[in-house]
2 protein chains.
Amino acid sequence: MEATSSTPKRRGPPRSLREDDLLDAALSLVDEGGPEAASVRGIAARVGVAPNAVYTYFRDRSAVIRALVDRLLGGVDHDVFADRSQPWRARVESLALELRRQLATHPGVVPLVIASPLDGPQALTLHERLLEVFADAGLDDVAAARASYLLVTYMLGSVALDVAGALKPGPLPPEPARVAARHSAFAAASADRFPRASAAAATVAAYVSTEQYLWGLRRLLDGVDPESEDAPSAGAEPNGRIATGHGSTCPRSS
Amino acid sequence: MEATSSTPKRRGPPRSLREDDLLDAALSLVDEGGPEAASVRGIAARVGVAPNAVYTYFRDRSAVIRALVDRLLGGVDHDVFADRSQPWRARVESLALELRRQLATHPGVVPLVIASPLDGPQALTLHERLLEVFADAGLDDVAAARASYLLVTYMLGSVALDVAGALKPGPLPPEPARVAARHSAFAAASADRFPRASAAAATVAAYVSTEQYLWGLRRLLDGVDPESEDAPSAGAEPNGRIATGHGSTCPRSS
DNA sequence: ACCTGAACACCGTTCAAGT
DNA sequence: ACCTGAACACCGTTCAAGT
């Protein structure tokens, strides 16, 4: 939770008041009307200036979108994620849940995030910390880079698919409702032509999707974890050491 | 490879000639100018009709996009993917590579795919077969549904992130060029503020991204594989047959 | 069924001008 | 530096009308 949603928690270069006003307007427009709604003219109107006044602060519309996306990424809570005294898996899960929570609060932004270069300061800060976590987990540079890329792919892909389809309206209905909607959409599509898909829709509907999200995350971390097995782990002091790449890799099944 | 790119390989209900003309026009516009370029007016102009003639075939622009996306999904080659005599991992990898190839051929469509409900006949056909593969691998219904969702998330998330950012132009540069571009974009961003991220950009640049894609896929399948260990498998006949597929599961690292 | 002209309420962006 | 009016070339969509 943040104090005010318009001031997420920044550490980067100071952004002009006016600039933040424009981004606030853009975000509220996206929240109300989806990704397309953040038009230059709409933003200007909401702030009370002429459309072309926006170009004093941003080169073009895409620059507005990029700034909006990066500012939103600044809203994820690093408390657990950045705490190097915590076990690395807990840190990763914390990031995953925090990022998902933040994006689910603004579903209209998700398509913008996934189409963005993710090279803003906030995105780089997240990436940096994620690499740190995997280094602390004992992965070498290459393994950490790959694991990090894999994780980002998973987190953003999940949220994007979650949000896809029923994206039109405003806030985003509660999770059970979303699951039910998704279920009926798939189940409706001829159970005899697609028997497995229909059945899968039914079974998936039985699981709230946050649980599915964590399940996938854990399967993925199992594949990346250098410790692998159930082994009580023992050592695993952060940063410094082991790194030998992940010895025995075999995972446990579902 | 398909004979003509405009007739991917359909089995669904017959689509009118005119309808396919419109989708051909939409696809070529997207290929040339990105996702936004498939405008109703642009499509109509390319086909040589008045803008509102499009509404004879599609309810609105989003229906055009959905049809375009689903038709494109029909272009993935099922030869290995659907061959139940093949080991299941090979079938999954075949799908993953085929889907990626198909989407990389039309990068502008990727954002449209990821924002789509994926409930068209071609999407459901893919989903259906994917569930079949996991059933053949010995997963029960719930596990197969989850694994399938996880896989779709990974495939689409990967391609989306791959394409994100440098999306503006036409075809999509060759892979080494893309990797290099991505590298310099990240490395440029202050190596002292983001040391790990910069270093990771350098290391990731050393790997072509198809390899990274397969690496992630295998880590993920490791997490899902019911066989897990080295155990030679034995029983576990699913649906039809053996299904024990591929036997030893332990991956090679990096 | 299929297409059209005309109109409506929108877009992003640029340019010359003002303070 | 910051904002404006006016204009340009676009959008999606609807309506009434034609064949």
Side-chain angles (χ1 to χ4, degrees), chain A residues 13-69 108-109 111-112 115-117 165-170, chain B residues 13-69 108-109 111-112 115-117 165-170:
Chain A
R15 198 131 45 187
S16 87
L17 262 185
R18 204 55 159 171
E19 206 173 323
D20 262 331
D21 286 347
L22 293 173
L23 294 183
D24 287 344
L27 182 56
S28 69
L29 284 167
V30 170
D31 285 343
E32 293 164 21
E36 314 276 72
S39 67
V40 174
R41 294 181 111 103
I43 294 167
R46 188 151 293 202
V47 172
V49 294
N52 45 3
V54 171
Y55 293 86
T56 302
Y57 300 92
F58 298 97
R59 170 175 289 271
D60 55 17
R61 181 177 188 263
S62 84
V64 181
I65 300 300
R66 287 200 308 272
L68 175 63
V69 165
V109 190
L112 305 176
S116 121
L167 188 55
K168 286 295 156 193
Chain B
R15 197 130 47 188
S16 86
L17 262 185
R18 205 58 161 172
E19 205 173 324
D20 262 331
D21 285 347
L22 293 172
L23 295 183
D24 286 344
L27 182 56
S28 68
L29 285 167
V30 169
D31 285 344
E32 293 163 22
E36 314 276 71
S39 68
V40 174
R41 294 181 111 103
I43 293 167
R46 187 151 293 201
V47 172
V49 293
N52 44 5
V54 171
Y55 293 85
T56 302
Y57 301 91
F58 298 97
R59 171 175 287 271
D60 55 17
R61 180 177 189 264
S62 83
V64 181
I65 300 300
R66 288 200 308 273
L68 175 64
V69 165
V109 190
L112 305 176
S116 119
L167 186 57
K168 287 295 160 196

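Order of the sequence lines sets the chain letters (A, B, ...), proteins ahead of strands, with each chain counted from 1.
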**Study point:** Watson-Crick or G-U stems of DNA chain D, 3 or more pairs, under 3.5 Å, by first number
**Key:** C:4-8 with D:12-16, C:12-16 with D:4-8
Practice item. Starting at atom CD of Glu36(A), determine the distance to atom P of dC10(C), rounded to an integer number of angstrom. Key: 15 Å
Review point. With sequence neighbours excluded, what pairs up with Ser39(A) under the side chain to side chain contact (heavy atoms under 4.5 Å, CB included) test?
Key: Arg41(A)
**Study point:** Partner set under side chain to side chain donor-acceptor pair (under 3.5 Å) for Arg61(A), not counting sequence neighbours
**Key:** none
Review point. Going through the checks in order, is the side chain to side chain contact (heavy atoms under 4.5 Å, CB included) test met by Leu112(B) and Arg66(B)?
Key: CA-CA 8 Å; Leu112(B) 305 176; Arg66(B) 288 200 308 273; over 6 Å; no
Review point. What one-letter contact string describes nucleotides 13-19 of chain C from 5' to 3', where B marks a base within less than 4.0 Å of any protein heavy atom, S marks contact via sugar-phosphate atoms alone, and - marks no contact?
Key: BBB----
Check your understanding: Contact class for Ser39(B) (heavy atom, under 4.0 Å): base, sugar-phosphate, or nothing?
Key -> sugar-phosphate
Practice item. Look up atom CG in Leu27(A) and atom CG in Leu22(A), then write down how far apart they are to the nearest 0.5 Å. Key: 12.5 Å
Review point. Nearest 0.5 Å, what's the CG-CZ distance between Asp21(B) and Arg46(B)?
Key: 13.0 Å
Exercise for review: Quickly work out the Asp21(A) CG to dC3(D) C1' distance and round it to whole Å.
Suggested key: 15 Å
Check your understanding: What is the distance, rounded to the nearest whole Å, between atom CD of Glu19(A) and atom P of dC2(D)?
Key -> 10 Å
Point to revise | Interatomic distance where CD1 belongs to Ile43(A) and P belongs to dC3(D) [whole Å] | key: 14 Å
Exercise for review: Report the residues that fulfil side chain to side chain contact (heavy atoms under 4.5 Å, CB included) with Ala53(A), sequence neighbours left out, ordered by chain and then residue number.
Suggested key: Val49(A)
**Study point:** dC3(C) OP1/OP2 closer than 4.0 Å to side-chain N/O of Tyr57(B)
**Key:** yes
Point to revise | Pairs involving residues 48-60 of chain A, ordered by first then second residue, that meet salt bridge (charged side-chain N to carboxylate O under 4.0 Å, His left out) (sequence neighbours left out) | key: none
Check your understanding: Any idea which heavy atoms bring Ala44(B) and Pro51(B) closest together, and the distance?
Key -> CB-CA, 3.5 Å
Check your understanding: So among Ile43(A), Val69(A), Leu68(A), which one has a side chain to side chain contact (heavy atoms under 4.5 Å, CB included) with Leu23(A)?
Key -> Leu68(A)
Review point. Rounded to whole angstroms, how far apart are CZ on Arg46(A) and P on dC11(C)?
Key: 12 Å
Review point. Could you state the CD1-C1' distance from Ile65(A) to dG12(C), rounded to the nearest angstrom?
Key: 12 Å
Review point. How many Å lie between CG on Leu22(A) and P on dC2(D), as a whole number?
Key: 11 Å
Exercise for review: Would you indicate what Ala53(B) reaches in the nucleic acid, counting non-hydrogen atoms under 4.0 angstrom: base, sugar-phosphate, or nothing?
Suggested key: base
